[in-house]
J.: 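One structure, pasted below without further comment.
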Amino acid sequence: MPVAKPESSDSRVIAHVDMDCFYVQVEQRKQPQLRGLPTAVVQYNEWKGGALIAVSYEARKFGVKRSMRGEEAKEVCPQVQLVQVPVARGKADLSGYRNAGSEVVSILARRGRCERASIDEVYLDLTDAAEMMLADNPPQGMETIDEEALKSHILGLNNEDGSDVKENVRKWIHRHNADHRDKLLACGILIVAELRMQVLKETEFTCSAGIAHNKMLAKLASGMNKPAQQTVVPFSSVKGLLDTLPIRKMKQLGGKLGISLQMDMGVNTVGDLLQFPEEKLQERYGINTGTWLWNIARGISGEEVEGRLLPKSHGSGKTFPGPRALKTVPAVQHWLNQLCEELSERLCSDLDQNKRIAHTLTLHARAYKSSDTDSQKKFPSKSCPLRYGTAKIQEDAFNLFQAGLREYIGFYGGKTQGSHCSGWGITSLSVSASKIVPIPSGTCSIAKYFQGQSTSHFSSMQSSDNLNTEATLSLPSGSECYSEVNLSEPKIDFPKEESWIKDTVPDLDLQEQKDLSSTLSEKTQDGFIQEDISPLLLSGCLEQNRSKQQQDLTKDESQFKSEYKERKGKRLKDKGTYSIIELFKSYNPNPSGSFLSHEYNRTVGGTDASSSSYSRDEEEGRREAWGYNIDEIDSSVMEELPTEIQDEIKSWMQPHKRRPNNMVKRSCTISHYFSPSKKS
DNA sequence: ACGGCTGTCACT
DNA sequence: TAGTGACAG
């Protein structure tokens, strides 16, 4: 359910940039001969020509639509060029599109806070850039306005018949008597036009954009004139825009909530919403959503543009529709292995390129169960701490699947009362990695400190310091080491054939069932420290990049594990006497240089800030990734450190400023421009 | 037999 | 928390 956020200001300049039929453009850049031709991107060509997932504007003119099959598209447009999505490991591989999206983001992030909203959409907060332009070189004083900016669409601008549209736009941008908000938007027009031209020049991709005072309106506007155009929503046009806008066109109202508004409340346009008092909406839809609805009816949306250039999770999944459903455990395992391979690859790239580590692995599946009492039961999602390394991810994912399957099948091991074997089938599988946090980069002074005071012992092991600090200081709570307990659990050996349930799943009594299905969650509640496993996790990824002679490390892993456990216990017990310095000195699981050494050099070299690929907020996230409350660090430990380092640690530990979830505030700055009764 | 594959967010 | 569901493109 949507939630209302207070609006920080009603004169922000927010842009929403939306790539035009992005997948098509990516394919056309690969194959320039396709440019200008009606083109569509399809995935899985086997069945009815595959499903269309992107359609060029040329093809749309012929009536080709997304959600058509390739064959249908050929019927309405015989000359349509169908390009297949790349396939890897037997599944669609979207990495080319993801990477292309990153190219775009890195350009758009140049002028202000930038939020990657999806693979092909971005929000920008250009308020500061616009204010600066207004102060230094306001559009009102410019002699010429860029051609691309003049092609903008300005909602509410009176274009009488025969009038020169561009000339009207030029006048609007040049107006001296405009209010502050419109002048800011005028700056936004110029900035966004420039950014879009940059994108075109550097990536060959066109995009469309909306420019307004908040995200909701910007998003609405970006879709109004496509492709390759931009649309502006001046403050004064908001009411007129929303009045007749079909309610389902609003973001978040395209689903059940929108239907309910229509069916239950008779609301067909956003304007229709205005007649309902806030209390009525809250009564029907809850306090948060009620206020949110009341706000959006008035064009109020306080959502901030989050500075985030990178995704918060990675996933890899595949569906197995109908007859293709997976019916044996080995078949599931095979596909899980493929999915995990892809996921692992992406996690390693993320670690390599962005210095981020994912902490949670989740398995999702959909299943059907014929001949059973509750066949609509959902296959449960399961998650566990994520260990790096393809084989480990595969192993963990498979265990999650088995845990889910046991729960899904239920107490009787798949047998119904009539001792009839119940068939199950898996119709979709996906694995995802979440809780991705940056490896703290703030270790600069710590690294210097130890480099300075240590002997050869330390200097030869610089690269692992990063890991160690991360490992020992991070987030409390979570599991000790999932791998040690859960993975050594007895596993069921499945036969290759379909009837394994009948043949091999032992009949378990109630208590056993309970134990099995709750194993995963129980093991994570032991009060140990999640990041204790980090170096182990990482060693999995390191393995892949490491040369042979470095592998001696791996064989010491179990020893390292138990030492680690000891130390951790000690730390928890002897809180007052344990030294942070001891922690730093004692772990050196990776004596040779790893890929992390380059990160180390970068930060120590002091050139990090300029070369960082993080947005400002992500840099903050890096510091916050430690997630420690300063109070939780024993003062005697802190005192051992030089003040310089104490200060740095304190700076990472600053608590989040966060509003409680149910705090609903409303800005009336916009609302008082609307007439509805007492509310303003 | 399904739109497939991703991704985010809020609720409980 | 972990797990679920809604929504989007």
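Residue numbering restarts at 1 for every chain, and letters A, B, ... go by the order of the sequence lines.
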J.: Grab the CZ-C1' distance between A:R116 and B:dT6 for me, whole Å please.
T.: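 So the CZ-C1' distance, A:R116 to B:dT6, works out to 12 Å.
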J.: Counting heavy atoms from C-beta on, name the nucleotide in B:dT6, B:dA1, C:dT4 closest to the side chain of A:P380.
T.: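 It is C:dT4.
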J.: Which nucleotide, C:dG9, B:dA1, C:dA6, lies nearest any side-chain atom of A:D120?
T.: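 Output: C:dG9.
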J.: Among the nucleotides B:dC5, B:dT8, C:dC7, which one has an atom lying closest to any side-chain atom of A:K312?
T.: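 The closest nucleotide is B:dT8.
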J.: Would you say A:S344 and A:Y388 are linked by a side-chain donor-acceptor pair, where the criterion is simply a distance under 3.5 Å?
T.: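 Side-chain D/A pair, A:Y388 to A:S344: absent.
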J.: If the test is salt bridge (Lys or Arg N to Asp or Glu O under 4.0 Å), which one of A:R89, A:K91, A:K318 qualifies with A:E342?
T.: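 So the option named by the test is A:K91.
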J.: Side chains of A:D272 and A:T269: is there a donor and an acceptor less than 3.5 Å apart?
T.: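 A pair is found: one side chain offers a donor N or O, the other an acceptor, under 3.5 Å apart.
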J.: Hydrogens and angles aside, do A:E58 and A:T39 bring a side-chain donor and acceptor to less than 3.5 Å of each other?
T.: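 Judged by distance alone, the side chains do not pair up.
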J.: Can you tell me if A:S313 touches the phosphate of B:dT8, counting only side-chain N or O atoms and a distance under 4.0 Å to OP1 or OP2?
T.: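 The answer is yes; a side-chain N or O of A:S313 sits under 4.0 Å from OP1 or OP2.
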J.: Would A:S301 and A:N295 count as having a side-chain donor-acceptor pair, cut-off 3.5 Å?
T.: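 Not at all, the side chains of A:S301 and A:N295 share no donor-acceptor pair under 3.5 Å.
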J.: Assign A:S316 to base, sugar-phosphate, or nothing according to its heavy-atom contacts below 4.0 angstrom with the strands shown.
T.: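 Answer is sugar-phosphate: A:S316 comes under 4.0 Å of backbone atoms only.
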J.: Nearest heavy atom decides the nucleotide; on that basis, is A:E115 or A:L52 closer to the 5' end of DNA chain B?
T.: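 Mapping each residue to its closest nucleotide by heavy atoms, the 5'-most match is A:L52.
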J.: Look at the side-chain N and O atoms of A:R308 and state whether any lies under 4.0 Å from the OP1 or OP2 oxygen of B:dT8.
T.: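 Looking at the OP1 and OP2 atoms of B:dT8, one of them is under 4.0 Å from a side-chain N or O of A:R308.
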J.: Mind checking if A:S118 touches a base, just sugar-phosphate, or nothing, with heavy atoms under 4.0 Å?
T.: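 Here A:S118 touches no strand at all.
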J.: Considering only side-chain heavy atoms of A:I53, which listed nucleotide, B:dG3, B:dT6, C:dT4, is closest?
T.: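 That would be B:dG3.
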J.: For A:A51 and A:L339, take the nucleotide of DNA chain B holding the closest heavy atom to each; which residue's nucleotide lies nearer the 5' end?
T.: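 Taking each residue's closest nucleotide, the earlier one in sequence belongs to A:A51.
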J.: By the 4.0 Å heavy-atom rule, please label A:I119 as base, sugar-phosphate, or nothing.
T.: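 Result for A:I119 = nothing.
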J.: Starting from P on C:dG5, measure out to CD on A:Q252 and report it in whole angstrom.
T.: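 Atom CD in A:Q252 sits about 18 Å away from atom P in C:dG5.
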J.: Please state how far atom CE in A:M216 lies from atom C1' in C:dC7, giving the value in whole angstrom units.
T.: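 To the nearest whole Å, that distance equals 17 Å.
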J.: Return no unless some side-chain N or O of A:S432 is found under 4.0 Å from OP1 or OP2 of B:dG7.
T.: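 So the side chain of A:S432 is outside the cut-off, no N or O lying under 4.0 Å from OP1 or OP2 of B:dG7.
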J.: Indicate whether OP1 or OP2 belonging to C:dG3 is found under 4.0 Å from a side-chain N or O atom of A:K382.
T.: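 It does, given that an N or O in the side chain of A:K382 lies less than 4.0 Å from OP1 or OP2 of C:dG3.
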J.: Please report the distance, rounded to the nearest Å, between CG in A:L310 and P in B:dG7.
T.: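 Taking CG of A:L310 and P of B:dG7, I get 12 Å after rounding.
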J.: Among the candidates C:dC7, B:dT6, C:dG3, find the nucleotide nearest to the side-chain atoms of A:S381.
T.: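 Looking only at heavy atoms from C-beta outward on A:S381, the closest nucleotide is C:dG3.
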J.: Side chain of A:S383 only, please: which of B:dG7, C:dA6, C:dG3 is the nearest?
T.: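 For A:S383, the side-chain atoms sit closest to C:dG3.
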J.: Would you name the heavy atoms of A:L386 and A:A433 that are closest together and state the gap between them?
T.: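 Scanning both residues, the minimum pair turns out to be CD1-CB, 3.5 Å.
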J.: Among the candidates C:dA8, C:dA2, B:dG7, find the nucleotide nearest to the side-chain atoms of A:K435.
T.: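 Within the option list, the nearest is C:dA2.
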J.: Does the cation-pi check pass for A:R324 over A:F320, that is, NZ or CZ under 6.0 Å from the six-membered ring centre and within 45° of its axis?
T.: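 The answer is no, since A:R324 fails at least one limit relative to A:F320.
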J.: Is atom CZ of A:R366 surrounded by more than 12 heavy atoms (other residues, nucleotides or ligands) closer than 6.0 Å?
T.: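 Not buried by this count: 12 neighbours or fewer within 6.0 Å.
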J.: Please state the P separation for the pair C:dG9 and B:dA1 - nearest whole angstrom.
T.: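 These two P atoms come out 27 Å apart once rounded.
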J.: Among residues 39-47 of chain A, which residues get a heavy atom nearer than 4.0 Å to DNA chain B?
T.: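 Output list: A:Q43, A:Y44, A:W47.
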J.: For A:K251 and C:dG9, is the shortest distance between a side-chain N/O and OP1 or OP2 below 4.0 Å?
T.: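 Checking A:K251 against C:dG9: no side-chain N or O falls below 4.0 Å of OP1 or OP2.
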J.: What's the closest nucleotide to the A:K256 side chain, out of B:dC5, C:dA6, B:dG7?
T.: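 Given the options B:dC5, C:dA6, B:dG7, the side chain of A:K256 is closest to C:dA6.
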J.: Which whole-number value in Å describes the distance from A:D18 CG to C:dG9 P?
T.: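 Going from CG in A:D18 over to P in C:dG9 covers 8 Å.
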J.: Are OP1 or OP2 of B:dG7 and a side-chain N or O of A:R346 less than 4.0 angstrom apart?
T.: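 It does, given that an N or O in the side chain of A:R346 lies less than 4.0 Å from OP1 or OP2 of B:dG7.
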J.: May I ask you to verify if any side-chain N or O of A:K91 is less than 4.0 angstrom from the OP1 or OP2 atom of B:dT6?
T.: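 A:K91 to B:dT6 OP1/OP2: side-chain N or O found under 4.0 Å.
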J.: How close or far is atom P of C:dA8 from atom CZ of A:R66, stated in whole angstroms?
T.: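 It works out to 12 Å between those atoms.
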J.: From C-beta outward on A:K5, which listed nucleotide comes closest to its side chain: B:dT6, B:dA10, B:dC5?
T.: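 For the A:K5 side chain, the nearest candidate turns out to be B:dA10.
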J.: A:V3 side chain: which of B:dC5, B:dA10, B:dG3 is closest?
T.: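 So the side chain of A:V3 is nearest to B:dA10.
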J.: Please verify the inter-ring angle class for A:F379 with A:Y408; under 30° counts as parallel, over 60° as perpendicular, anything in between as tilted.
T.: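 Because their plane-to-plane angle lies in the 30° to 60° range, the rings of A:F379 and A:Y408 count as tilted.
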J.: For B:dG7, does OP1 or OP2 lie under 4.0 Å from any side-chain N or O of A:R98?
T.: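 Indeed, a polar side-chain atom of A:R98 lies that close.
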J.: Using a 4.0 Å heavy-atom cut-off across all strands, classify A:K65 as base, sugar-phosphate, or nothing.
T.: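 Contact class for A:K65: none.
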J.: Measure from NZ on A:K219 to C1' on C:dC7 and round the result to the nearest Å.
T.: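 Checked: the NZ to C1' distance equals 11 Å.
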J.: Could you tell me the separation between the NZ atom of A:K318 and the C1' atom of B:dA1, rounded to a whole number of Å?
T.: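 Going from A:K318 (NZ) to B:dA1 (C1'), I get 14 Å.
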J.: Using the side chain to side chain donor-acceptor pair (under 3.5 Å) rule, pick out the option among A:Q230, A:K215, A:E115, A:E121 that qualifies with A:H16.
T.: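 Testing A:H16 for a side chain to side chain donor-acceptor pair (under 3.5 Å) against A:Q230, A:K215, A:E115, A:E121 leaves exactly one candidate, A:E121.
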J.: Can you tell me if the side-chain N/O atoms of A:S67 get under 4.0 Å from OP1 or OP2 in B:dG3?
T.: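 Looking at the OP1 and OP2 atoms of B:dG3, neither is under 4.0 Å from any side-chain N or O of A:S67.
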